[in-house]
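Heavy-atom basis, side chains included; hydrogens, waters and symmetry copies ignored. Numbers for residues simply follow the sequence, beginning at 1. Since the structure is predicted, the reported quantities are computational estimates derived from the model, not experimental observations.
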Amino acid sequence: MRAQLFPEGVPTGKRLFDLALMIPGTILISPLLGLVALLVRLKLGQPVLFRQVRPGYQGKPFTLYKFRTMKVSRNAEGNLLPDSERLTGLGRLLRSFSLDELPELINVLRGEMSLVGPRPLLMQYLERYTPEQARRHDVLPGITGWAQVNGRNVLSWEDKFRFDVWYVDNWSLWLDVKILLLTLWRVLWREGISQPGHASAEEFMGSKDG
């Protein structure tokens with residue numbers, strides 16, 4: 001998706017709300033951004049940023065930015081080791097406070113994401129959604145969302161998508177404010193970071209009733 005200051009189809013009020021919080025907020029936390037970037041560079045080397053194509057508004061692809069949390073470790077066949085074996089101590093710390101998500105502010109500035117919305121997942125999931133689940137792409141993806149403040153990665157995929165679609169149908173600026181405040185609470189208490197037995201969340205293979 002081409003970056004736009006005001007993406008077509010996105011409510012102007014929501015976009016202005018994002019920019020009004022993001023621009024001064026980014027300036028305020030710039031020392032933290034610099035510190036995290038330095039730690040990642042020293043502990044994991046280059047590149048500092050993890051880049052991956054994800055589906056955005058209406059499922060259109062964009063490049064997501066995050067701080068790296070994993071080593072590039074491979075087995076004898078040249079395949080990447082499981083996430084749980086590549087995730088570093090620094091990576092766990094960054095994830096526990098959601099600091100690895102901070103570079104997504106670049107995506108918000110570019111109009112590819114919002115501060116609040118369904119999380120952008122993997123491109124291969126697009127063909128696995130039911131028509132109802134696919135409605136999560138009717139709004140910009142977000143750094144945080146309704147599913148994240150209602151259980152995050154400990155939820156089943158079906159429950160996450162139900163929360164995402166509920167957000168699509170009930171969006172308001174007041175709801176975004178509520179989600180941002182609840183996100184701050186969740187981050188401070190580090191709730192729902194990962195599913196038991198997984199470094200983050202297990203892969204979505206499609207709904208049983210889909």
Enquirer: Decide yes or no for Pro120 and Phe62: does some side-chain heavy atom of the first lie under 4.5 Å from some side-chain heavy atom of the second?
Expert: yes
Enquirer: I'd like to check Leu49 versus Phe67 (side-chain heavy atoms, cut-off strictly below 4.5 Å). Are they in contact?
Expert: yes
Enquirer: Looking at Trp146, is its backbone amide N or carbonyl O close enough to the side chain of Asn150 to form a donor-acceptor pair, meaning the two atoms are under 3.5 Å apart?
Expert: yes
Enquirer: Nearest 0.5 Å, please: how far is CG in Leu173 from NZ in Lys178?
Expert: 15.0 Å
Enquirer: Begin with the C-alpha distance, continue with both residues' side-chain angles, and end with the deciding distance and a verdict on side-chain hydrogen bond (donor to acceptor under 3.5 Å, both in side chains) for Thr183 and Gln148.
Expert: CA-CA 7 Å; Thr183 296; Gln148 281 61 53; over 6 Å; no
Enquirer: Check whether any side-chain N or O of Lys14 sits under 3.5 Å from a backbone N or O of Trp171 as a donor-acceptor pair, and report yes or no.
Expert: no
Enquirer: Hey, does Thr12 have a side-chain heavy atom less than 4.5 Å from the side chain of Phe6?
Expert: yes
Enquirer: Roughly how far, to the nearest 0.5 Å, is NZ of Lys60 from CG of Leu126?
Expert: 13.0 Å
Enquirer: If the threshold is 4.0 Å, N to carboxylate O, is there a salt bridge linking Asp169 and Arg135?
Expert: yes
Enquirer: Is there a path of hydrophobic side-chain contacts, each under 4.5 Å between heavy atoms of I/L/V/M/F/W/Y residues, joining Val48 to Leu64?
Expert: yes
Enquirer: Enter the distance from Asp164:CG to Asp159:CG here, rounded to the nearest 0.5 Å.
Expert: 11.0 Å
Enquirer: So, do His137 and Tyr57 sit near enough that their side-chain heavy atoms are less than 4.5 Å apart?
Expert: no
Enquirer: Quick one: does Leu105's side chain get under 4.5 Å of Ile143's, heavy atoms only?
Expert: yes
Enquirer: Apply side chain to side chain contact (heavy atoms under 4.5 Å, CB included) to residues Val187 and Trp185 and explain how you reach the verdict.
Expert: CA-CA 6 Å; Val187 168; Trp185 174 265; over 6 Å; no
Enquirer: Identify, with sequence neighbours excluded, every residue that meets salt bridge (Lys or Arg N to Asp or Glu O under 4.0 Å) alongside Arg119.
Expert: Glu101, Glu104
Enquirer: State, to 0.1 Å, how close Ile179 and Val149 come at their nearest heavy-atom pair, and which atoms those are.
Expert: O-CG1, 3.6 Å
Enquirer: Quick check: does any side chain N or O of Arg86 sit under 3.5 Å from a backbone N or O of Lys71, one acting as donor and the other as acceptor?
Expert: yes
Enquirer: How far apart are the closest heavy atoms of Leu93 and Ser96, and which atoms are they?
Expert: O-OG, 2.7 Å
Enquirer: Any heavy-atom pair between the side chains of Leu140 and Val116 that's under 4.5 Å?
Expert: no
Enquirer: If you define the side chain from C-beta out and look only at heavy atoms, does anything of Thr69 sit under 4.5 Å from Thr88?
Expert: no
Enquirer: If you group Ile, Leu, Val, Met, Phe, Trp and Tyr by side-chain heavy-atom gaps below 4.5 Å, do Phe50 and Phe97 land in one group?
Expert: no
Enquirer: By the definition side-chain contact (heavy atoms from CB on, under 4.5 Å), identify the one residue from Lys160, Arg128, Arg136, Arg54 that meets it with Leu121.
Expert: Arg136
Enquirer: Please report the C-alpha distance between Leu102 and Leu99 in whole Å, then the side-chain angles of each, then the deciding distance to 0.1 Å, and finally whether the side chain to side chain contact (heavy atoms under 4.5 Å, CB included) criterion is met.
Expert: CA-CA 6 Å; Leu102 291 179; Leu99 296 176; 3.9 Å; yes
Enquirer: Which donor-acceptor pairs under 3.5 Å do the side chains of residues 16-36 make with protein atoms, sequence neighbours left out?
Expert:
| residue | atom | partner | partner atom | Å |
| --- | --- | --- | --- | --- |
| Asp18 | OD1 | Ser114 | OG | 3.3 |
| Asp18 | OD1 | Leu115 | N | 3.3 |
| Asp18 | OD2 | Ser114 | OG | 2.7 |
| Thr26 | OG1 | Met22 | O | 2.7 |
| Ser30 | OG | Ile27 | O | 2.8 |

Enquirer: Taking ring-ring contact (aromatic ring centres under 6.0 Å, His included) as the definition, give me every residue that meets it alongside Phe204, ordered by chain and number, with sequence neighbours left out.
Expert: Tyr125, Tyr129, Trp157, Phe161
Enquirer: For Arg68 and Met70, indicate whether the former's side chain and the latter's backbone hold a donor-acceptor pair under 3.5 Å.
Expert: yes
Enquirer: Supply the atom-to-atom distance Glu158 CD to Gln133 CD, rounded to the nearest 0.5 angstrom.
Expert: 6.5 Å
Enquirer: Run the side chain to side chain contact (heavy atoms under 4.5 Å, CB included) check on Glu132 and Val165 step by step: do they pass?
Expert: CA-CA 8 Å; Glu132 178 70 4; Val165 173; 3.3 Å; yes
Enquirer: Would you check if the side chain of Asn107 reaches a backbone N or O of Thr63 as a donor-acceptor pair within less than 3.5 Å?
Expert: yes
Enquirer: Is Leu90 linked to Leu38 within one hydrophobic cluster, defined over Ile, Leu, Val, Met, Phe, Trp and Tyr using a side-chain heavy-atom separation of less than 4.5 Å?
Expert: no
Enquirer: Which is it for Trp174 and Asp176 under the side chain to side chain contact (heavy atoms under 4.5 Å, CB included) test, yes or no, and what are the steps along the way?
Expert: CA-CA 5 Å; Trp174 288 115; Asp176 278 4; over 6 Å; no
